[in-house]
A.B. asks: 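I'd like to ask some things about the structure below.
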4 protein chains.
Amino acid sequence: MSVVPRQTTNAPGDPAAAAPERKLTARGRERRSQLIDYATKRFADDGFHPTSVADIVDGIGVGKGVFYWYFSSKEELFTEILRTAQTDLRRTQRKAIGGIDDPVRRIEEGIRAGALWMANNPDLRRLFEFARTDESFVKAIRIGQRRHVADAVEHLQAAIDAGLIPDRDPVALAHGILGVTNQLTMTYLDGAGGGATKRSAEEVADLVVSICRNGFAGE
Amino acid sequence: MSVVPRQTTNAPGDPAAAAPERKLTARGRERRSQLIDYATKRFADDGFHPTSVADIVDGIGVGKGVFYWYFSSKEELFTEILRTAQTDLRRTQRKAIGGIDDPVRRIEEGIRAGALWMANNPDLRRLFEFARTDESFVKAIRIGQRRHVADAVEHLQAAIDAGLIPDRDPVALAHGILGVTNQLTMTYLDGAGGGATKRSAEEVADLVVSICRNGFAGE
Amino acid sequence: MSVVPRQTTNAPGDPAAAAPERKLTARGRERRSQLIDYATKRFADDGFHPTSVADIVDGIGVGKGVFYWYFSSKEELFTEILRTAQTDLRRTQRKAIGGIDDPVRRIEEGIRAGALWMANNPDLRRLFEFARTDESFVKAIRIGQRRHVADAVEHLQAAIDAGLIPDRDPVALAHGILGVTNQLTMTYLDGAGGGATKRSAEEVADLVVSICRNGFAGE
Amino acid sequence: MSVVPRQTTNAPGDPAAAAPERKLTARGRERRSQLIDYATKRFADDGFHPTSVADIVDGIGVGKGVFYWYFSSKEELFTEILRTAQTDLRRTQRKAIGGIDDPVRRIEEGIRAGALWMANNPDLRRLFEFARTDESFVKAIRIGQRRHVADAVEHLQAAIDAGLIPDRDPVALAHGILGVTNQLTMTYLDGAGGGATKRSAEEVADLVVSICRNGFAGE
DNA sequence: AATGAATGAGTCTTCATTCAT
DNA sequence: AATGAATGAAGACTCATTCAT
């Protein structure tokens with residue numbers, strides 16, 4: 001006779017719609033990944049808004065309900081993609097500069113790693129770019145970007161303190177680096193280069209590092 | 001009862017649907033401007049996809065017919081906004097460097113003018129950014145971007161030829177400048193700066209010029 | 001160049017979704033009525049939840065958009081039906097007792113008018129009944145019911161003050177009257193009478209008045 | 001891949017889909033009760049249609065399969081709730097008047113018992129009310145109501161035959177009693193009373209008896 | 001030039017129900 | 001007995017666009 005609700009569905013008043021916290025089986029986790037991967041591709045190719053949930057589930061060949069079993073909404077899925085991607089980018093950069101002592105080399109290797117990641121994950125790079133333009137996702141993207149910038153600032157400040165580079169606003173520098181990286185990877189690796197010569201990911205990474213380091217007039 | 005979209009009379013040979021070629025009265029031109037201005041604001045604030053034609057005409061307080069009297073589609077309006085904006089940006093930059101002989105100063109003043117334009121037209125800057133992410137508009141935006149880059153390349157090449165700056169790929173440099181400009185104006189003037197100090201348009205422009213010129217290590 | 005929004009769509013923060021305030025033409029007003037009438041019938045016959053917006057527009061033979069041109073949601077339409085009906089019921093009762101001096105006769109004629117209204121508007125009666133059971137509409141229905149009870153209480157109190165009827169809680173009496181009216185009109189005029197003899201609206205009205213007046217033991 | 005609803009093994013000759021006839025263990029019976037109790041609460045609070053099977057099983061913290069192990073459908077569960085409740089109400093009333101000889105007192109005590117039951121089972125009272133408004137359940141509810149009325153009629157007729165109360169249509173009287181009981185318990189015990197004073201279940205029961213007995217004008 | 005009305009395919013999302021394990 | 005996964009029809013609602021007036 002006792003009515004003991006063991007579990008409330010979703011904490012109400014939650015700012016951003018959270019994922020349905022489910023205990024997933026192996027098969028479930030696989031499905032979830034599959035949805036994320038396929039959706040990433042479609043979002044990158046066709047855009048977030050133009051890609052419908054129906055497109056996604058049809059593309060995978062499952063029923064519509066499957067989507068909502070794993071994600072509470074299309075927006076939540078997208079946010080999830082962004083979060084994962086940002087985490088991965090950060091991890092990649094950290095790994096690349098681990099063990100390097102010279103702050104300037106840390107900066108350079110960080111830039112290179114960032115550029116390579118962008119080159120290797122063109123879909124995710126595009127999603128970042130879109131997310132920045134959409135009211136619903138700016139917030140999500142800024143959290144990661146702030147951390148990203150903070151990471152770079154740390155090394156820039158160290159280099160400045162060590163007298164290795166001129167003393168300029170490190171936050172502005174970090175953003176400059178970000179801008180160059182985005183623009184060049186997009187231009188040379190995304191087919192956006194108007195008449196620009198095709199280049200390999202490594203070449204582009206070198207280019208990014210060089211421009212970030214010297215500007216157009218430096219050295 | 002069936003709704004069969006009819007082709008509007010278009011300029012022949014025009015690849016994308018063009019505006020209905022109308023001879024507008026003074027009042028008509030004003031209406032058109034009003035639509036463009038209001039739509040620009042809404043597109044920038046809420047996004048292109050989330051903003052419906054109904055939002056636009058309701059916001060102005062006119063009927064739906066008005067919209068389709070001046071534009072053949074929502075896409076056409078957006079394309080028109082982009083085209084006008086790109087033209088305006090270019091004109092602004094050209095005016096800024098007119099009469100300057102030193103190629104390096106031309107570059108710097110061009111950068112400054114570009115950054116100032118972005119700072120003064122934040123809505124349009126956002127629309128550029130979005131347009132790059134949407135399959136339907138990349139083409140439109142690239143035409144202008146290519147010209148924009150070409151302009152910069154011309155001066156960079158001149159500076160290189162004159163031995164005023166090191167000999168590096170001017171196309172890459174031009175793109176780097178673009179990236180820095182976008183990122184910094186966005187960061188410091190669009191509220192996107194995570195903890196970054198607020199700055200005036202002029203300060204930001206100086207910052208952009210400085211970073212583009214020297215990179216993080218130069219000078 | 002000026003952007004002058006003449007009219008915002010809907011006051012945001014509005015508790016209940018309000019109707020899209022439109023200037024309707026004669027044809028528009030007719031459509032709206034048609035939708036209300038048809039929906040009333042379907043809601044009464046099949047229930048509010050089981051009746052879909054598609055059912056309604058299909059039944060009338062118009063496109064789905066028509067519905068949302070006139071009503072902002074299915075709920076809003078239903079609320080509108082309730083409001084109109086309650087107003088009509090009240091007007092009917094007021095007209096019926098206008099000019100009667102004796103408070104007891106006012107009560108009796110009010111009851112009779114109420115019962116007749118219910119008998120003549122079985123669909124609306126059913127909707128009232130449903131609305132009381134649905135979280136989303138109780139509030140809407142109670143506003144009217146409170147007024148309805150207040151009206152009755154006024155006359156009951158007058159009769160008590162004049163020593164024409166025993167001094168009992170008039171609010172409780174008013175609710176009792178309501179209960180009898182609902183139950184009997186439903187039973188005898190809605191096909192809900194289990195084995196009960198069919199009766200005319202007038203007969204039922206007499207029955208309601210008689211029972212309300214005397215109870216089972218009185219007189 | 002196709003989903004073809006299969007007939008669950010039903011008691012043959014059963015008009016509506018009946019519960020799977022299972023021999024339940026002690027634990028099984030408890031689960032079933034738990035489902036019924038929790039569902040009753042949700043149906044009463046949120047409505048039958050708005051409450052999904054998922055809501056119910058999630059609220060209890062079990063899988064979907066559990067639900068369909070004990071009930072063949074959501075409708076069947078609801079019907080079951082109604083049936084049980086009606087049986088319980090009847091039993092309560094019968095017990096209350098057992099051993100009373102005077103038919104008038106039998107009527108009064110029956111009314112009181114009914115009112116008290118409603119007061120003590122507000123959720124079930126609400127479900128009765130809803131069931132009367134939904135095409136799918138009217139039939140189920142009427143069976144019980146008919147019996148309920150028949151019970152009352154029996155005593156009313158006895159009282160009339162004994163000359164203890166005036167000779168009026170006992171069926172109508174019985175329905176009148178029902179209407180008063182529903183309306184007053186709802187008003188005073190369900191928070192539906194617009195400005196009406198809160199009262200205890202016993203007070204309300206007294207009120208109901210008094211009004212049913214005397215009407216508004218009788219002694 | 002402009003309006004209110006209308007279209008209907010398409011969007012996101014829900015939900016009763018089934019099934020393999 | 002019970003679970004997580006899946007189904008897919010159906011629901012409410014949107015929206016670019018067209019049309020009669």
Side-chain angles (χ1 to χ4, degrees), chain A residues 22-28 30-32 49-57 62-75, chain B residues 1-6 8 22 24-25 27-28 31 49-57 61-75, chain C residues 22-28 30-32 49-57 62-75, chain D residues 1-6 8 22 24-25 27-28 31 49-57 61-75:
Chain A
R22 285 191 209 290
K23 303 146 198 157
L24 297 179
T25 63
R27 188 188 176 192
E30 213 172 309
R31 249 297 124 79
R32 209 181 114 96
H49 291 296
T51 301
S52 71
V53 172
D55 288 337
I56 296 168
V57 293
V62 294
K64 223 165 274 191
V66 169
F67 186 94
Y68 292 94
W69 180 257
Y70 295 100
F71 307 98
S72 63
S73 72
K74 201 179 132 187
E75 303 216 342
Chain B
M1 277 289 186
S2 68
V3 177
V4 182
R6 289 207 217 133
T8 326
R22 294 196 199 289
L24 298 176
T25 65
R27 187 186 169 200
R31 253 291 126 87
H49 290 296
T51 300
S52 70
V53 172
D55 286 339
I56 295 168
V57 295
V62 296
K64 287 246 177 74
V66 171
F67 186 94
Y68 288 93
W69 180 259
Y70 294 103
F71 306 99
S72 64
S73 75
K74 195 181 144 190
E75 302 217 342
Chain C
R22 284 190 208 292
K23 304 149 198 156
L24 298 179
T25 63
R27 187 186 177 192
E30 213 172 309
R31 249 297 125 80
R32 209 180 114 96
H49 291 296
T51 301
S52 72
V53 172
D55 288 337
I56 295 169
V57 294
V62 295
K64 220 165 281 192
V66 169
F67 186 95
Y68 292 93
W69 180 258
Y70 294 101
F71 306 99
S72 62
S73 74
K74 199 179 132 187
E75 303 217 343
Chain D
M1 277 288 185
S2 68
V3 178
V4 182
R6 289 207 217 135
T8 326
R22 293 196 200 289
L24 298 176
T25 66
R27 187 187 170 201
R31 253 290 126 88
H49 291 296
T51 300
S52 70
V53 172
D55 287 337
I56 295 168
V57 295
V62 296
K64 288 246 178 72
V66 171
F67 186 95
Y68 289 93
W69 181 259
Y70 294 103
F71 306 99
S72 63
S73 74
K74 195 182 147 191
E75 301 216 344

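Letters A, B, ... mirror the listed sequences (proteins, then strands); counts begin at 1.
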A.B. asks: Checking contacts here: which listed nucleotide (F/dA2, E/dA9, E/dT13) is nearest the side-chain heavy atoms of A/Ser73?
C.D. replies: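 Selected nucleotide: E/dT13.
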A.B. asks: Check the distance between F/dA2's P and A/Lys23's NZ and give it to me in whole angstrom.
C.D. replies: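 So the two atoms are 14 Å apart, to the nearest Å.
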A.B. asks: Taking only N and O in the side chain of D/Arg27, is any of them less than 4.0 Å away from OP1 or OP2 of F/dA2?
C.D. replies: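 So the side-chain polar atoms of D/Arg27 do come within 4.0 Å of the phosphate oxygens OP1 or OP2 of F/dA2, strictly under.
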A.B. asks: Quickly work out the A/Phe67 CZ to F/dT7 C1' distance and round it to whole Å.
C.D. replies: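 The answer, rounded to whole Å, is 16 Å.
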A.B. asks: I need the CD1-P distance between D/Ile56 and E/dC15, as an integer number of Å.
C.D. replies: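 Whole-Å distance recorded here is 11 Å.
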A.B. asks: Over how many whole Å does the gap from B/Arg31 atom CZ to E/dT3 atom C1' extend?
C.D. replies: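 Distance check: B/Arg31 CZ to E/dT3 C1' gives 12 Å.
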A.B. asks: Which part of the nucleic acid, if any, lies within contact of B/Gly65, taking any heavy atom under 4.0 Å across all strands shown: a base, the sugar-phosphate backbone alone, or nothing?
C.D. replies: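 If one applies the 4.0 Å heavy-atom cut-off, B/Gly65 turns out to touch a base.
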A.B. asks: Can you see which heavy atom on A/Arg32 is nearest to which on A/Leu24, and at what distance?
C.D. replies: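 Scanning both residues completely, I find the closest heavy atoms to be CD-CD1, 3.6 Å.
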A.B. asks: Would you mind reading off the distance between A/Tyr68 atom OH and E/dT17 atom P, rounded to a whole angstrom?
C.D. replies: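 To the nearest whole Å, that distance equals 22 Å.
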A.B. asks: Taking both distances under 3.5 Å as the test for a Watson-Crick or G-U pair, what stems of at least three pairs does DNA chain E have?
C.D. replies: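 The stems that DNA chain E takes part in, listed by first number, are E:2-21 with F:2-21.
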A.B. asks: Provide, to the nearest angstrom, the distance between the CH2 atom belonging to B/Trp69 and the P atom belonging to F/dC19.
C.D. replies: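 So the CH2-P distance, B/Trp69 to F/dC19, works out to 15 Å.
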A.B. asks: Pick the nucleotide of DNA chain E nearest each of D/Thr51 and B/Gly63; which residue has the one closer to the 5' end?
C.D. replies: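 First, find each residue's nearest nucleotide; the 5'-ward one identifies B/Gly63.
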A.B. asks: Using the side-chain heavy atoms of B/Tyr70, tell me which of these nucleotides is nearest: E/dA2, F/dT18, F/dT14.
C.D. replies: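 It is E/dA2.
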A.B. asks: Within the structure provided, determine whether D/Ser52 and D/Lys74 are in side-chain contact (heavy-atom separation under 4.5 Å).
C.D. replies: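 D/Ser52 vs D/Lys74: side chains apart.
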A.B. asks: I want to verify a distance call: between E/dT3, F/dT17, E/dA9, whose nearest atom is closest to the B/Val62 side chain?
C.D. replies: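 My answer, after comparing the listed nucleotides, is E/dT3.
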A.B. asks: Rounded to whole Å, please give me the gap between NZ in C/Lys74 and P in E/dT14.
C.D. replies: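 My rounded result for the distance is 15 Å.
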A.B. asks: Quick check for you: among F/dA5, E/dA1, F/dA9, whose closest atom lies nearest to any side-chain atom of D/Lys64?
C.D. replies: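 When the side chain of D/Lys64 is considered, F/dA5 is the closest of F/dA5, E/dA1, F/dA9.
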A.B. asks: Let me spell it out: for each of B/Thr25 and C/Ala26, pick the nucleotide of DNA chain E with the closest heavy atom. Which residue's pick is nearer the 5' end?
C.D. replies: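 Closer to the 5' end of DNA chain E: B/Thr25.
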A.B. asks: Please report, rounded to the nearest Å, how far the P atom of F/dA12 is from the NE2 atom of C/His49.
C.D. replies: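 One finds 10 Å between P of F/dA12 and NE2 of C/His49, rounded.
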A.B. asks: Output all residues satisfying side-chain contact (heavy atoms from CB on, under 4.5 Å) with C/Glu30, sequence neighbours left out; order by chain, then residue number.
C.D. replies: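 Listed in chain order: nothing, the list is empty.
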A.B. asks: For E/dA1 versus F/dT21, give the span between their P atoms, rounded off to a whole number of Å.
C.D. replies: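 One P to the other, the span is 22 Å.
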A.B. asks: Could you pick out which residue, A/Val66 or B/Ala54, lies toward the 5' side of DNA chain F when each is mapped onto its nearest nucleotide?
C.D. replies: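 Nearer the 5' end of the strand: A/Val66.
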A.B. asks: Can you list the residues that meet the side-chain contact (heavy atoms from CB on, under 4.5 Å) rule with C/Thr25, with sequence neighbours excluded?
C.D. replies: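 Listed in chain order: C/Arg27.
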A.B. asks: Given that B/Ser52 and C/Asp55 both sit by DNA chain F, which one's nearest nucleotide is further toward the 5' end?
C.D. replies: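 Upstream on the strand: C/Asp55.
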A.B. asks: Rounded to the nearest 0.5 Å, what separates atom OG in C/Ser72 from atom CZ in C/Phe67?
C.D. replies: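 Here the interatomic distance stands at 8.5 Å.
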